[in-house]
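Written out below as structure tokens is the structure these notes cover.
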Amino acid sequence: MQERIVTRFAPSPTGYLHVGGARTALFNWLWARHTGGTFILRIEDTDQKRNTPTAAQQVMDDLRWLGIQWDQGPEAGGDNGPYLQSQRRDIYDKYIKELLDKKKAYYCFETAEELDTLRKQAEAQKQGFVYRRPTEFPSTEDAEKARARGRPVTVRFAVPDESVMVQDIVRGVITFAAGEIGDFIIRKSDGFPTYNFACVVDDRLMNVTHIIRGQEHLNNTPGQQALWQALFSDEPLPKYAHMSVTVSDTGGKLSKRERPKALRTAIRHALSVAEGTMQDPAQAPPAKAGVDLDRLAEAGGIAREQLDSFVNGDTTPDMPIVGAMAQYLGVALPEINIVDFFKSGYLPEAMVNFLALLGWNPGDNREVMVLDELIEAFDLARLAKANSLFDRQKLLAFNTEHARLVPGETLLMHFKNYLEEVESPVACAEDQLLSRIVRLCEGARTLADIERKCRFLFLDNDEIEYDDKAVKKVLLKNDGLGVLAVVRDKLAVMNELTDQAIEDMLRSLAEEKQVGLGKVAQPLRVAICGTTISLPIFDSVEMLGKENALTRIDNTLRKFGTHIYEEKA
RNA sequence: GGCCCCAUCGUCUAGGUAGGCCUAGGACACCGGGUUUUCAACCCGGCAACAGGGGUUCGAAUCCCCUUGGGGCUACCA
């Protein structure tokens with residue numbers, strides 16, 4: 001009988017869900033869905049120093065946003081709970097005692113510093129560090145005494161002295177020589193189990209059949225396999241699939257450190273622009289020259305000294321602080337966490353599609369796929385061995401495609417969620433209006449693009465900010481202001497401002513003046529939006545309304561072309 | 001340093017497990033051109049790869065070895 005397939009995603013709640021984790025979760029989920037199996041979410045919170053209280057919740061929010069639902073786990077229940085490892089300590093203790101009793105594990109009392117010295121010695125001799133096992137294992141009494149003396153007490157697994165063969169779905173058979181795997185710690189001095197121990201126990205107890213995870217875990221596998229044999233020798237091993245790693249375009253594994261790194265670079269650039277010491281101005285990121293470091297620190301909610309330390313490269317502030325400072329500077333940071341992509345206006349459908357294609361493909365030329373297609377086509381046998389680079393441009397292309405593909409109501413829903421998240425003034429708009437806006441934005445690349453195009457509708461008339469380039473190019477050249485004044489008078493005498501009527505008016509004016517439509521439409525656009533980027537101009541004017549449109553045109557004429565305006569008046 | 005993994009256009013990849021169907025296919029990016037009320041989108045066309053060296057074979061992108069390059073792990077983190 002074919003046993004039911006069970007997969008799991010087991011994040012440690014140390015921060016937001018990042019793309020790497022999301023991809024791991026997705027592949028496990030897809031495999032479970034493809035096979036009609038079960039997908040478990042397990043929170044590996046065994047490190048008290050690194051866990052943050054809100055992280056687990058955030059990770060769950062992000063998974064839900066992506067559309068990844070877990071069958072068992074926190075907030076879902078299931079027969080194999082609890083699903084937080086911190087609540088399973090009695091279980092781990094029971095198994096550790098069993099190993100200790102069978103002399104398959106033993107107590108150790110070295111301090112971290114002592115171990116570090118041993119490690120350095122091994123490296124100096126060009127050897128890998130392997131913990132040397134005592135000939136006689138310390139007794140429980142020895143452990144008590146050591147503890148009383150203030151020594152840290154840990155428990156190590158006595159790894160059998162034999163070679164281990166790991167059967168991996170994507171990589172085939174990998175052999176690890178005997179003696180290569182050192183006795184690793186399974187219980188820390190604070191009493192918590194280590195990852196390598198807890199995950200083996202839980203995978204067995206939760207009946208996990210397939211362990212799909214990143215290649216970074218490949219070297220842990222022989223040890224975990226040996227543990228499994230010691231604990232559950234009568235149960236078949238789970239199947240392993242070690243996926244390729246997603247690497248960043250800056251080299252190396254895609255990591256959350258990239259955001260603070262990018263911010264630091266931007267600040268340094270801005271400072272060197274101000275000092276005139278910049279090496280290559282062409283390479284500069286779009287940061288304003290000159291930074292008021294005191295104000296920047298204030299924007300991030302940190303002390304000036306902390307900021308200096310960050311800029312010097314000595315310390316790194318928390319993610320929200322980094323985000324706040326980037327926003328203050330107007331610098332776009334590379335998205336790493338799933339929420340970053342949400343805030344940049346990406347669609348979950350596009351994220352999932354893109355993530356799925358990182359190290360996997362359906363075997364034909366299909367690329368743009370919806371969830372059901374992915375589930376149907378997914379197969380562990382088609383996982384790629386080679387690492388893949390996270391290509392943001394391709395993601396953008398996928399997003400554009402999915403924005404077009406997704407049903408109108410869905411896109412509207414995503415847009416509303418996005419507006420809430422970024423606290424846009426557009427958020428107050430009614431569904432009917434938003435729906436029209438979204439329809440007018442066919443071909444937009446992200447939700448941020450849509451927001452940018454319609455934002456002007458939701459600002460007060462005196463809140464319009466004029467883009468320098470747009471003003472120079474459209475208003476101050478080729479008599480843009482003169483044309484605008486004519487458009488203003490035509491608009492003023494129109495009874496009904498429908499998009500059609502506005503189009504007719506602008507087109508006939510263009511014809512009359514023997515110029516393209518752009519020549520008459522662009523000044524009007526800049527006048528009511530402040531920029532050259534907006535919804536189609538006819539609809540823009542209609543939605544704004546006659547009164548607001550005229551006010552904005554008058555404001556523009558007054559601000560940039562006083563004399564022209566006065567002549568008219 | 002030790003151990004492990006990987007290697008096709010700039011990028012993601014198909015083809016590799018059955019060597020000839022590959023003058024190596026698709027997509028993104030890029031470059032030309034078209035369309036156009038802005039930004040996008042859209043349409044047409046183009047550029048572009050089997051890391052190097054040895055084998056095995058009638059024949060290798062495909063199998064083997066070496067070199068080089070990239071990545072991962074090397075914690076009382078997961």
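Fair warning: this is a prediction, and the values are worked out from it, not measured in the lab. In what follows, every heavy atom counts, from backbone to side chain, and hydrogens, waters and symmetry copies are set aside. Protein chains get the first letters and strands the later ones, always in sequence-line order, with residue 1 at the start of each.
Residue contacts for F398(A): at a heavy-atom cut-off of 4.0 Å it reaches no nucleic acid atom on any strand shown. Among the atoms of the strands shown, base atoms are found under 4.0 Å from some heavy atom of K453(A). Looking at heavy-atom distances under 4.0 Å, R187(A) makes no contact with the nucleic acid at all. Heavy atoms of H242(A) sit nowhere under 4.0 angstrom from any nucleic acid atom. Nucleic acid contact class of T531(A) (heavy atoms, under 4.0 Å, all strands): none. Nucleic acid contact for G359(A): sugar-phosphate only, since backbone atoms but no base atoms lie under 4.0 Å from a heavy atom of the residue. At a threshold of 4.0 angstrom between heavy atoms, the contacts of T14(A) with the nucleic acid are absent. Among the atoms of the strands shown, base atoms are found under 4.0 Å from some heavy atom of I537(A).
To the nearest whole angstrom, the two P atoms, one in rA14(B) and one in rG26(B), are 15 Å apart. Comparing the same atom, P, in rA24(B) and in rC47(B) gives a spacing of 12 Å after rounding to whole Å. Nucleotides rG10(B) and rG72(B) place their P atoms 22 Å apart, quoted to the nearest Å. Spacing of P atoms, rC66(B) relative to rC50(B), comes out at 23 Å, to the nearest Å. Between the P atoms of rG19(B) and rC3(B), the separation comes to 33 Å (whole Å). Nucleotides rC58(B) and rA48(B) are separated by 32 Å at their C1' atoms, to the nearest Å. Across rG25(B) and rA61(B), the matching C1' atoms stand 13 Å from one another, rounded to whole Å. Atom C1' of rU56(B) sits at a distance of 25 Å from the matching atom of rG69(B), rounded to the whole Å.
In the set rU37(B), rC76(B), rC12(B), rC76(B) carries the atom at the smallest distance from any side-chain atom of K49(A). Among the nucleotides rG26(B), rA41(B), rC76(B), the one closest to any side-chain atom of I185(A) is rC76(B). Among the nucleotides rG71(B), rG72(B), rC28(B), the one closest to the side chain of Q393(A) is rC28(B). When distances are taken from the side chain of T532(A) to each of rG26(B), rU38(B), rC39(B), the shortest belongs to rU38(B). Among the nucleotides rG71(B), rC76(B), rU38(B), the one closest to the side chain of R119(A) is rC76(B). Listed nucleotides rA78(B), rC39(B), rU37(B) differ in distance to E44(A); the shortest reach to its side chain belongs to rA78(B). Taking the side chain of E401(A) as heavy atoms from C-beta on, and the options rU38(B), rC42(B), rC77(B), the nearest nucleotide is rC42(B).
With rounding to whole Å, F197(A) atom CZ is found 13 Å from rA78(B) atom P. Straight-line distance from the CG atom of N51(A) to the P atom of rC76(B): 17 Å, rounded to whole Å. At whole-Å resolution of the value, CD1 in I43(A) and P in rC77(B) are 18 Å apart. Counting to the nearest Å, the P atom of rA29(B) and the CG atom of N399(A) are 13 Å from each other. One atom, CZ of F184(A), and another, P of rA78(B), lie 13 Å apart when rounded to the nearest Å. Straight-line distance from the CG atom of L396(A) to the P atom of rA29(B): 8 Å, rounded to whole Å. Taking atom CG of N220(A) as the reference point, atom P of rA78(B) lies 10 Å away to the nearest angstrom. Look at CD on Q48(A): it is 15 Å from C1' on rA78(B), rounded to the nearest Å.
Counting only N and O atoms by type, the side chains of Q522(A) and T532(A) include no donor and acceptor under 3.5 Å apart. Donor-acceptor pairing under 3.5 Å is lacking for the side chains of T194(A) and R156(A). Side-chain atoms of E349(A) and N353(A) include no donor-acceptor pair closer than 3.5 Å.
For R392(A), the side-chain hydrogen bond (donor to acceptor under 3.5 Å, both in side chains) partners are E335(A), not counting sequence neighbours.
For rC73(B), the paired base is rG2(B) (Watson-Crick or G-U wobble, both distances below 3.5 Å). Remark: rG19(B) base-pairs with no nucleotide in the shown strands. Criterion, Watson-Crick or G-U wobble with two distances under 3.5 Å. Across all strands shown, rC30(B) pairs with rG46(B); the Watson-Crick or G-U wobble distances both stay below 3.5 Å. rA14(B): no Watson-Crick or G-U partner with both key distances under 3.5 Å is found in any strand. For rU68(B), the paired base is rA7(B) (Watson-Crick or G-U wobble, both distances below 3.5 Å).
At the phosphate of rU37(B), OP1 or OP2 sits under 4.0 Å from a side-chain N or O atom of R507(A). Using a 4.0 Å cut-off, no side-chain N or O of R50(A) falls inside it from OP1 or OP2 of rA78(B). Applying the 4.0 Å criterion to OP1 and OP2 of rU13(B), one finds that R382(A) has every side-chain N and O outside that range. For S534(A) and rC39(B), the shortest distance from a side-chain N or O to OP1 or OP2 is not below 4.0 Å. OP1 or OP2 of rC77(B) sits under 4.0 Å from a side-chain N or O of K188(A). The side chain of R23(A) contributes no N or O atom lying less than 4.0 Å from OP1 or OP2 of rC12(B).
A side chain to side chain contact (heavy atoms under 4.5 Å, CB included) with Y95(A) is found for one member of L99(A), I91(A), D93(A) and no other, namely I91(A).
For R257(A), the CZ atom counts as loosely surrounded, since its 6.0 Å shell holds 12 or fewer non-hydrogen atoms of other residues, nucleotides or ligands. The number of heavy atoms from other shown groups lying within 6.0 Å of CD (Q57(A)) is above 12.
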List the protein contact pattern of nucleotides 1-8 of chain B with one symbol per nucleotide (5' to 3'): B for base contact, S for sugar-phosphate-only contact, - for none; contact means a heavy-atom distance under 4.0 Å. BSSSSSS-

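Using a 4.0 Å cut-off between a side-chain N of Lys or Arg and a carboxylate O of Asp or Glu, R42(A) and E44(A) qualify as a salt bridge. Residues D379(A) and R382(A) are not paired through a salt bridge, judged by the lack of any N-O separation under 4.0 Å between the basic side chain and the carboxylate. Ion pair K490(A)/E512(A) flagged as a salt bridge, since at least one NZ, NE, NH1 or NH2 atom sits closer than 4.0 Å to an Asp/Glu carboxylate oxygen.
RNA chain B is contacted by E442(A), G443(A), A444(A), R445(A) of residues 442-449 of chain A, taking any non-hydrogen atom closer than 4.0 Å.
Cation-pi geometry between R187(A) and F192(A) is not met: the NZ or CZ atom fails to fall both under 6.0 Å from the ring centre and inside 45° of the normal.
Taking the six-membered ring where the residue is Trp, the centroids of F27(A) and W360(A) are separated by 6.0 Å or more. Taking the six-membered ring for Trp and the full ring otherwise, H217(A) and Y195(A) have centroids separated by under 6.0 Å.
Evaluation of atom-type donor-acceptor distances gives no pair under 3.5 Å for the side chain of T154(A) against the base of rC76(B). Side-chain atoms of K394(A) and base atoms of rA27(B) include a donor and an acceptor less than 3.5 Å apart.
The aromatic rings of F129(A) and Y131(A) sit perpendicular, their planes meeting at an angle over 60°, well past the 30° parallel limit.
Of the two residues contacting RNA chain B, namely N361(A) and E216(A), the nearest-nucleotide position lying further toward the 5' end is that of N361(A).
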